[in-house]
Amino acid sequence: MIERIAADGVMLLHLLFVLFVVFGALLAMRFQWLVFLHLPAVAWGAFIEISGGVCPLTHVENDLRQRAGSAGMESGFIEHYIYSLLYPPGLTRNVQLVLAAFVLCLNAVLYAWLLVRRRSTRAGGMQ
């Protein structure tokens with residue numbers, strides 16, 4: 001029972017990490033110190049997608065599910081609604097590369113906007 005709860009927790013953590021990778025620059029606009037956490041997260045997320053690797057959280061979750069005796073056929077709320085977001089059916093190598101490019105481009109645009117906004121705020125305050 002505890003392994004199943006822990007596996008669901010790891011999956012939820014994984015989802016939050018993915019959301020942070022994709023949208024963390026928006027948070028960094030409000031909390032600038034998050035840049036130092038977000039940029040390495042983006043680099044890691046892009047590396048995993050580009051290399052075709054598997055995130056260690058996936059291995060941890062799978063190990064916990066195996067210890068819990070789950071063959072993946074049981075379906076709780078988290079497994080049913082979140083699992084397909086992290087591991088969509090039809091996820092091919094090309095789709096992974098497109099996702100990596102999307103994440104990198106989105107974050108480049110958001111950080112460029114953040115830098116422009118920050119510079120214009122500083123220039124406005126110096127006059």
Side-chain angles (χ1 to χ4, degrees):
M1 176 66 164
I2 192 73
E3 287 92 353
R4 188 173 187 322
I5 293 169
D8 287 348
V10 170
M11 184 185 293
L12 188 57
L13 176 67
H14 200 174
L15 175 66
L16 292 174
F17 181 79
V18 169
L19 291 174
F20 181 66
V21 166
V22 176
F23 300 110
L26 296 172
L27 285 173
M29 289 178 182
R30 175 74 172 113
F31 307 102
Q32 292 182 3
W33 59 269
L34 274 177
V35 169
F36 300 106
L37 296 176
H38 183 247
L39 288 176
V42 169
W44 174 256
F47 169 75
I48 288 296
E49 291 297 327
I50 291 168
S51 70
V54 178
C55 181
L57 290 174
T58 302
H59 295 299
V60 171
E61 178 197 339
N62 287 339
D63 183 54
L64 287 167
R65 293 207 186 283
Q66 286 178 350
R67 287 190 210 172
S70 175
M73 298 306 284
E74 298 174 15
S75 184
F77 174 82
I78 289 177
E79 290 168 297
H80 183 74
Y81 293 104
I82 296 177
Y83 192 81
S84 63
L85 291 173
L86 289 175
Y87 315 107
L91 182 65
T92 65
R93 184 76 183 111
N94 287 337
V95 172
Q96 281 184 304
L97 294 173
V98 168
L99 289 172
F102 170 75
V103 167
L104 290 172
C105 290
L106 174 65
N107 281 286
V109 167
L110 290 173
Y111 276 109
W113 181 49
L114 179 62
L115 287 172
V116 167
R117 195 178 98 190
R118 190 172 184 198
R119 286 183 181 159
S120 67
T121 302
R122 283 186 179 173
M126 297 181 88
Q127 294 177 358

How long is the span from the CH2 atom in Trp113 to the CG atom in Leu26, to the nearest 0.5 Å? 7.5 Å

What's the separation between atom CG in Leu110 and atom SG in Cys105, rounded to the nearest 0.5 Å? 11.0 Å

Could you measure the distance from the CE atom of Met11 to the CG atom of Asn62? Nearest 0.5 Å is fine. 8.5 Å

Taking atom CD of Glu49 and atom CG of Leu97, what is their separation to the nearest 0.5 Å? 8.5 Å

What are the two closest non-hydrogen atoms of Ala28 and Val35, and how far apart are they? CB-CG2, 3.7 Å

Minimal non-hydrogen separation, Asn107 against Val22, with atom names: ND2-O, 3.7 Å

Does some side-chain heavy atom of Val98 sit less than 4.5 Å from a side-chain heavy atom of Asn94? no

Would you indicate whether the side-chain heavy atoms of Asp8 and Leu12 approach each other to under 4.5 Å? no

Find out whether Phe17 and Val21 are in side-chain contact, i.e. whether some heavy atom of one side chain is under 4.5 Å from a heavy atom of the other. yes

Please indicate whether Arg93 has more than 12 foreign heavy atoms, meaning atoms of other residues, nucleotides or ligands, lying under 6.0 Å from its CZ. yes

To the nearest 0.5 Å, atom CG of Leu64 lies from atom NE2 of His59 at 13.0 Å

Holding to ring pair (Phe, Tyr, Trp, His ring centres under 6.0 Å), I want the full list of residues that pass it with Phe102, two or more places apart in sequence or in another chain. none

Please report the interatomic distance CD(Glu3) to CZ(Arg65), rounded to the nearest 0.5 Å. 11.5 Å

Please tell me if the side chains of Met29 and Leu34 come closer than 4.5 Å, counting only heavy atoms from C-beta onward. no

Minimum-distance pair of heavy atoms, taken over all atoms of Ala100 and Ala46: CB-O, 4.3 Å

Heavy-atom pair with the smallest gap, counting every atom of Glu61 and Ala7: CG-O, 3.8 Å

When clusters are formed by joining ILVMFWY residues with side-chain heavy atoms under 4.5 Å apart, either directly or through shared neighbours, do Leu39 and Phe23 land in the same one? yes

Excluding sequence neighbours, so at least two apart, what forms salt bridge (Lys or Arg N to Asp or Glu O under 4.0 Å) with Arg118? none

Side-chain heavy atoms nearer than 4.5 Å, only ILVMFWY residues, links allowed to pass through others: does that put Leu19 and Phe31 together? no

Answer with yes or no whether the hydrophobic clustering places Phe20 together with Leu106; edges join I, L, V, M, F, W, Y residues whose side-chain heavy atoms lie under 4.5 Å apart. no

Please determine whether residues Leu27 and Val109 belong to a single hydrophobic cluster, defined as Ile, Leu, Val, Met, Phe, Trp and Tyr linked transitively by side-chain heavy-atom distances below 4.5 Å. no

Does CD1 belonging to Ile2 count more than 12 external heavy atoms closer than 6.0 Å? no

Check the hydrophobic clustering (I, L, V, M, F, W, Y; side-chain heavy atoms under 4.5 Å; chains of links allowed) and say if Val18 and Val60 are grouped together. no

Tightest non-hydrogen contact, residues Val10 and Leu57, listed as CG1-O, 3.5 Å

Apart from Met1 itself, its cluster of hydrophobic side chains linked below 4.5 Å comprises Ile5

